[in-house]
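Quick notes on the structure that follows.
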Amino acid sequence: MFNLEEELKKLPEKPGVYLMHDKDDHIIYVGKAVILKNRVRQYFQKSRNVSPKIARMIEQIAWFEYIVTDSELEALVLECNLIKEHNPKYNTMLKDGKSYPFLKATVSEDYPRFVFARQMKRDGAKYFGPFTSGAAIRSTIELLNKLFHLRSCRKVLPRDIGKERPCLYHQMGQCPAPCQGTVSKEEYRENFQKALSFLNGNTKEVLRDLEKKMKQYAEQMQFEEAAVYRDLIDSVKQVTERQKITSDDHEDRDIIAMARMDDEAVVQVFFIRGGKLIGREHYYLTGVNGEEEPHILGAFIKQMYAGTPYIPRELWTEVLPEDDEAIREWLGKKRGHKVFFRNPKRGEKERLLDLAKRNARMVLEQDIEKLKRERERTLGAMEELEGLLGLAGLNRVESYDISNINGFETVGSMVVFENGRAKKNDYRKFRIRSVTGPDDYHSMEELLTRRFTHGQRENLAEMDSFRLFPDVIFMDGGKGQVNVAERVLAELGITIPVCGMVKDDHHRTRGLFFCNEEIPIDTHGQGFRLLTRIQDETHRFAIEYHRQIRGKAQVHSILDDIPMIGVARRKALMKYYESIEEIKKATVEELKTVPGMNERAAEAVVEFFHK
């Protein structure tokens with residue numbers, strides 16, 4: 001069950017992408033956030049003014065999830081990928097097909113260049129990005145050409161060598177003029193490789209040189225020149241904050257990372273398709289205590305991909321799984337082509353694997369805390385009640401309530417909790433038969449007698465909830481209700497502790513009545529909260545049943561009291577005749593003409609009205 005308040009508290013103060021789901025589990029909105037905690041919480045602030053479209057979207061949110069990233073840039077590009085993949089209903093602002101630019105390195109050319117590109121293609125080039133700022137890419141290309149003396153022209157080399165005179169950039173000392181044959185292919189490509197290394201993150205030396213020159217110009221009071229280097233440094237930093245979530249090789253791969261704690265583990269899988277992260281999923285594993293990571297990973301992969309129709313070409317993992325060769329062969333046969341395990345140790349690939357691991361760790365830590373809180377409110381609460389009552393081994397709890405209005409249609413409810421959790425399959429309803437008028441004590445006596453007499457029968461079905469007796473009975477009331485229950489149990493020869501939930505003047509539980517004395521209870525403890533849940537659930541179940549009975553009584557027709565007249569015949573009669581008075585006047589022969597009526601039914605109607 002998705003608890004909105006609890007999930008909002010768990011949101012991290014990190015950048016990332018959030019996905020809103022409706023009740024049918026459709027993704028209806030994908031958004032990015034600089035700080036997930038702040039952005040997602042805004043949607044559920046009642047005081048916040050939103051557009052009608054967003055208000056409609058918020059009304060449909062059943063649950064949400066999120067993916068943590070390293071930067072806002074990564075979050076934005078991931079948001080774009082997910083929107084294109086899932087086409088969410090409410091992401092109208094990003095449905096215009098807008099694309100984000102790349103920095104393209106034409107590595108397959110004899111004299112390669114850096115150019116601006118709107119999309120990745122399978123053309124043998126190397127791509128960096130995508131990025132949100134086209135201006136930053138152009139500034140960086142200009143910087144790379146200046147620093148590493150690279151060409152910016154579109155000439156086809158070496159075909160066009162010597163056909164035209166060198167351009168202005170050569171005269172400015174920025175380009176070595178390969179178009180004139182003044183630099184060898186080997187020397188030029190060596191400089192280009194240095195530029196690639198720079199783009200791959202080896203920027204410290206170059207940035208140090210740029211900062212040194214900026215300071216020199218500033219000390220010489222040449223502020224315009226210093227500002228040029230300052231802007232170039234900013235552009236470099238912006239571009240080299242690369243997008244790890246998109247790769248340039250268009251491969252399909254799954255990135256698998258694991259986090260473990262005690263006997264629990266979470267495996268996070270990032271699904272990369274066509275070089276883009278299109279989704280992720282986390283899986284829970286139990287019974288991992290004492291097991292080595294390769295064993296756990298091997299067990300997960302075998303279970304995961306046994307039921308998966310699509311197998312990617314690559315699986316990235318921190319360690320090789322146990323029996324990796326056999327698993328690889330098995331996966332290859334399922335896929336129809338070879339499957340490879342990769343174990344990245346450095347660079348962007350290693351950082352992407354680390355991102356998956358951090359998401360796995362975050363899910364595990366949050367769920368461990370959730371499990372701890374859940375234990376406190378269930379098993380911890382039961383232990384608290386054991387201490388209060390001096391009882392041991394409490395597991396199954398049953399609670400009963402009576403509902404009526406001035407004695408009309410009295411009903412009873414039986415609610416069951418096991419290990420601190422409601423067990424709704426074992427709930428039961430009772431329609432009180434022997435009591436007339438508002439008499440809760442005798443109504444409860446009938447309910448309990450029927451419940452435990454039934455439970456004492458032999459050969460009860462395995463699924464019959466009456467077959468199991470509770471470890472303790474909670475009565476919605478004090479001494480009087482407890483005495484009724486104890487008397488019924490004694491007459492049936494059954495020994496079960498009975499405890500009353502004593503209320504104050506505001507109808508709130510103030511203590512427990514047990515063994516002829518009132519026991520005070522800490523109203524801030526988990527035991528008290530569990531009692532409140534039991535009490536509220538018992539009331540709810542009884543009231544809902546009574547409302548259901550009242551609703552049926554309100555639509556009751558006098559025709560329902562006639563033998564042989566069921567729902568179908570009643571509807572047919574009401575459709576054929578305009579009023580009950582006309583039905584009263586009808587003869588047997590006339591009634592027989594009504595669809596569905598035979599002679600015996602017609603005689604029953606005439607006899608009912610004329611007896």
Side-chain angles (χ1 to χ4, degrees), residues 400-416 424-461 463-467 476 484 488 491-492 537-611:
Y400 309 91
D401 190 25
I402 298 296
S403 179
N404 63 69
I405 297 178
N406 296 324
F408 173 73
E409 295 289 2
T410 302
V411 299
S413 66
M414 166 182 149
V415 163
V416 180
K424 295 192 176 184
N425 287 342
D426 284 3
Y427 287 12
R428 290 295 179 269
K429 305 170 184 176
F430 298 84
R431 196 165 184 171
I432 304 303
R433 304 164 181 164
S434 62
V435 180
T436 303
D439 187 341
D440 285 358
Y441 286 164
H442 283 95
S443 297
M444 184 61 72
E445 183 178 4
E446 178 190 326
L447 185 159
L448 294 172
T449 301
R450 287 165 56 189
R451 184 265 179 267
F452 287 104
T453 300
H454 186 106
Q456 288 180 318
R457 293 177 185 169
E458 296 181 359
N459 302 320
L460 288 178
M463 300 302 292
D464 193 329
S465 65
F466 287 158
R467 180 178 57 86
D476 186 35
V484 170
V488 170
E491 290 173 356
L492 296 174
E537 186 70 350
T538 310
H539 282 311
R540 178 198 66 79
F541 195 55
I543 290 170
E544 282 187 2
Y545 183 41
H546 191 259
R547 188 179 295 124
Q548 178 185 350
I549 296 295
R550 292 203 316 271
K552 289 181 179 179
Q554 288 168 358
V555 297
H556 181 80
S557 167
I558 192 171
L559 298 177
D560 292 325
D561 297 329
I562 303 175
M564 300 188 67
I565 301 300
V567 175
R569 283 174 174 163
R570 184 194 70 194
K571 289 181 178 179
L573 287 167
M574 295 302 296
K575 186 176 181 180
Y576 197 84
Y577 294 99
E578 292 184 359
S579 66
I580 295 293
E581 290 303 316
E582 288 190 9
I583 297 174
K584 288 181 179 180
K585 296 176 183 179
T587 65
V588 171
E589 293 301 319
E590 290 171 339
L591 290 169
K592 283 168 56 179
T593 63
V594 177
M597 293 288 289
N598 57 28
E599 186 169 353
R600 290 182 61 197
E603 290 174 350
V605 172
V606 172
E607 182 181 352
F608 180 82
F609 285 118
H610 298 283
K611 62 182 178 181

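Among all heavy-atom pairs drawn from A601 and M564, the shortest one is N-CE, 4.1 Å. Scanning both residues, R431 and R450, for their nearest heavy atoms gives O-NH1, 3.0 Å. Between L573 and L591, the shortest heavy-atom distance links the atoms CD2-CD2, 3.9 Å. I402 and G412 make their closest contact through CD1-CA, 4.1 Å (heavy atoms, listed as atom of the first residue, atom of the second, distance). Residues R570 and I565 approach most closely at N-CG2, 3.9 Å, considering heavy atoms. For V488 against E445, the heavy-atom pair with the smallest separation is CG2-CG, 3.8 Å.
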### Task
Decide yes or no on side chain to side chain contact (heavy atoms under 4.5 Å, CB included) for M414 and Y427, but give the supporting numbers first.
CA-CA 6 Å; M414 166 182 149; Y427 287 12; over 6 Å; no
### Message
Could you go through D476 and H539, starting from their C-alpha distance and side-chain angles, then the distance that decides it, and tell me whether this counts as side chain to side chain contact (heavy atoms under 4.5 Å, CB included)?
### Response
CA-CA 9 Å; D476 186 35; H539 282 311; 2.6 Å; yes
### Task
Could you go through the side chain to side chain contact (heavy atoms under 4.5 Å, CB included) check for I562 and F609 one step at a time?
CA-CA 9 Å; I562 303 175; F609 285 118; 4.0 Å; yes
### Message
Quick one, F608 with V606, criterion side chain to side chain contact (heavy atoms under 4.5 Å, CB included). Give me CA distance, side-chain angles, the key distance, then yes/no.
### Response
CA-CA 5 Å; F608 180 82; V606 172; over 6 Å; no
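Ion pairing between E544 and R540 holds under the 4.0 Å rule for side-chain N and carboxylate O. With salt bridges taken as basic N to acidic carboxylate O contacts below 4.0 Å, one links K592 and E589. One finds a salt bridge joining E581 and K584 here, because a Lys/Arg side-chain nitrogen approaches an Asp/Glu carboxylate oxygen to under 4.0 Å.
A distance-only check finds no donor-acceptor pair linking the side chain of S403 to the backbone of V411 [under 3.5 Å]. No side-chain donor-acceptor contact under 3.5 Å links E446 to the backbone of I432.
In this structure, CG on L492 lies 9.5 Å from CG on L448, to the nearest 0.5 angstrom. Rounded to the nearest 0.5 angstrom, T449 OG1 and H442 NE2 are separated by 10.5 Å. If you take CD1 on I580 and NZ on K585, they are separated by 13.0 Å, rounding to the nearest 0.5 Å. Once rounded to the nearest 0.5 Å, the distance linking OH of Y576 with CD of E590 reads 8.0 Å. With rounding to the nearest 0.5 angstrom, the CZ atom of F541 is 8.5 Å from the CZ atom of R428. Atoms CG and CZ, on L447 and R433 in that order, are 11.0 Å from each other to the nearest 0.5 Å.
Side-chain contact check for Y400 versus V415: every heavy-atom pair is 4.5 Å or farther apart. Between E537 and K424 the shortest side-chain heavy-atom distance falls below 4.5 Å.
In this structure, F466 and F430 have parallel ring planes: the angle between them is below the 30° cut-off, well short of the 60° mark.
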